[in-house]
Amino acid sequence: MDSIRTILLRVSPLAIRLGLAFSLIGVALLIFALATAPGLSTTIPAAERARMLASYGLMLRVLVWGVALLAIGAAVEYGTEEATGYALALVGGVIYWGVPFAAPVLLPVKGPDFLSAMAHAALRIALACWIPGALVIAYDLSQRIAAAWSGRRKSRTVPVPHQKEAAEKIPGPALACWQTDYCRPYVRNLCPRFTERKACWRKKEGCFCEEKIILRAVEIREGSKGFYDQVRKGLLSSQGSPPTLTPAQKRERCRRCPIYAQHQQVKYKTFVPVAFAATFLVLWLNAGRIHQALDLSVASLERVAIKLSFAVSGTAATPGHTVLPAGLDAALQSGIIYWGFMIFLSIMLLTWLLRFVEWLVFKVQV
């Protein structure tokens, strides 16, 4: 059971992303259908009406699949939250009972066939929200009943870690171990890493992982001569000789050390401006290619829009006629769409670069 839940939790973020993408595409297609719909006085031939109904059904199916994936992913990812199930149930109710009232405004073509397609899609969307929502609500109620039956109530408080003991910190970024918040003054002057001016992660040993460094410091601080030797003899007599760590084991020990983690945070802050500069440089060098790709995409969008358009074929196929929203060509010529697309690309590229830097610094720990 735990393995199934683990698999679902790994897949749920992908389901949420795909569901959100399909939902947005479905909504955009429906808005496009309304924008290109013929007027009330336009006579639509039977063949054209069948084509429009098929296109409308495809748009609704894209929206239904998107909402279903989004609801299932949200139920798995946020199923432990009380509000998740009730929110899904509320969304399903709004869709199911709200769509009939909004049908006169939402239908691109008036008629019982289009109204029936919308009603069936609204029912499927509502069920896609209600079923996962009901399962989440049932799970939450079962947990509450089990807790009340056993007399225990799960604590909802978040444990707050204690603040580490304040220490005199050497000014400057944590480029070395003695510049971090964890370096204690009474150990620093006796630490071989400080006297050698070599960070502990370079030598693979320091005051947080090598007992002789901290015990010698305690011995001198407390004035208890022979304290280190006594502790060492006690450990040897009770546990035997400590094992000798291999270089790989020492590296793994450094990866889990809070001193090295703080050093990696400084390294991440150093790489962030580099990611901003790299984003600007990539977009600046490829600005011409991006402009050409955008023009080709708009031309392809025009061809697809003609096929999905709710305009009558006689007008949609007329040379010079466009089914895209009015003003799009002027916006393309003025550069508004180009610069908006460049801003979007810069945000996406910067996000990917920052995630890559996080992976390198905190996961791979370069």
Which heavy atom in [X] sits nearest to a heavy atom in [Y], and how many Å separate them?
| X | Y | value |
| --- | --- | --- |
| Thr84 | Ala74 | CG2-O, 3.8 Å |
| Val109 | Phe114 | O-CB, 3.4 Å |
| Ala117 | Leu60 | O-CD1, 3.5 Å |
| Leu353 | Ala275 | CD1-O, 3.7 Å |

Do you reckon [X] sits in the same ILVMFWY cluster as [Y], going by side-chain contacts under 4.5 Å, direct or chained?
| X | Y | answer |
| --- | --- | --- |
| Trp352 | Met342 | yes |
| Leu88 | Ile95 | no |
| Leu115 | Tyr56 | yes |
| Met52 | Leu63 | yes |
| Met118 | Phe101 | no |

Which pairs pass salt bridge (Lys or Arg N to Asp or Glu O under 4.0 Å) with one or both residues in residues 255-272, sequence neighbours excluded?
->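 For residues 255-272: Glu252-Arg255, Glu252-Arg256.
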To the nearest 0.5 Å, what is the distance between [atom1] on [X] and [atom2] on [Y]?
| X | Y | atom1 | atom2 | answer |
| --- | --- | --- | --- | --- |
| Cys200 | Phe194 | SG | CZ | 13.5 Å |
| Thr279 | Leu354 | OG1 | CG | 7.0 Å |
| Ile347 | Leu349 | CD1 | CG | 11.0 Å |
| Leu70 | Glu77 | CG | CD | 11.5 Å |
| Ile137 | Asp140 | CD1 | CG | 8.5 Å |
| Phe356 | Phe271 | CZ | CZ | 10.0 Å |

Would you say that [X] contacts [Y] through its side chain, given a criterion of any heavy-atom pair below 4.5 Å between the two side chains?
| X | Y | answer |
| --- | --- | --- |
| Arg49 | Leu53 | no |
| Lys204 | Cys254 | yes |
| His263 | Cys177 | no |
| Val136 | Tyr78 | no |
| Val272 | Val357 | no |
| Arg202 | Arg193 | no |

Just checking, Arg197 and Trp178: is the charged tip under 6.0 Å from the six-membered ring centre and within 45° of the axis?
->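 Output yes; distance and angle both within limits.
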Residues two or more places apart in sequence or in another chain: which of them pass ring-ring contact (aromatic ring centres under 6.0 Å, His included) with Tyr268?
->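 Listed in chain order: Phe362.
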For Trp65, what residues pass the ring-ring contact (aromatic ring centres under 6.0 Å, His included) criterion, not counting sequence neighbours?
->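 If we apply the ring-ring contact (aromatic ring centres under 6.0 Å, His included) test to Trp65, skipping adjacent residues, there are no hits.
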With sequence neighbours excluded, tell me which residues meet side-chain hydrogen bond (donor to acceptor under 3.5 Å, both in side chains) with [X].
| X | result |
| --- | --- |
| Arg355 | none |
| Gln292 | none |
| Arg289 | Asn286 |

Kindly list each side-chain donor-acceptor pair under 3.5 angstrom involving residues 15-31, sequence neighbours excluded, with atom names and distances?
residue	atom	partner	partner atom	Å
Ser23	OG	Gly19	O	2.7
Ser23	OG	Gly66	O	3.4
Ser23	OG	Val67	N	3.3

If you group Ile, Leu, Val, Met, Phe, Trp and Tyr whenever their side-chain heavy atoms sit less than 4.5 Å apart, what else falls in with Leu281?
->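 Direct or chained contacts put Leu281 with Trp284, Leu285.
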Leu90: hydrophobic cluster co-members (side-chain, 4.5 Å) |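 The other cluster members (ILVMFWY side chains, heavy atoms under 4.5 Å, direct or chained) are Val94.
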Can you sort out the partners of Phe344 under side chain to side chain contact (heavy atoms under 4.5 Å, CB included), two or more places apart, ordered by chain and number?
->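 With neighbours one apart ignored, the set is Phe341, Met348.
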All side chain to side chain contact (heavy atoms under 4.5 Å, CB included) counterparts of Ala248, not counting sequence neighbours =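 Result, side chain to side chain contact (heavy atoms under 4.5 Å, CB included) vs Ala248: Thr246, Arg251.
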Could you pull out all donor-acceptor pairs under 3.5 Å where a side-chain atom in residues 120-133 meets a protein atom, sequence neighbours excluded?
residue	atom	partner	partner atom	Å
His120	ND1	Ser116	O	2.7
His120	ND1	Ser116	OG	3.4
Trp130	NE1	Ala89	O	3.2

Kindly say whether Val361 contributes a backbone atom to a donor-acceptor pair with the side chain of Gln264 at under 3.5 angstrom?
->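 Looks like yes, one N/O pair under 3.5 Å.
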Within the distance-only criterion (no hydrogens, no angle test), does the side chain of Gln179 pair as donor or acceptor with the backbone N or O of Ala176 below 3.5 angstrom?
->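 Indeed, once roles are kept as given, a pair shorter than 3.5 Å links the two residues.
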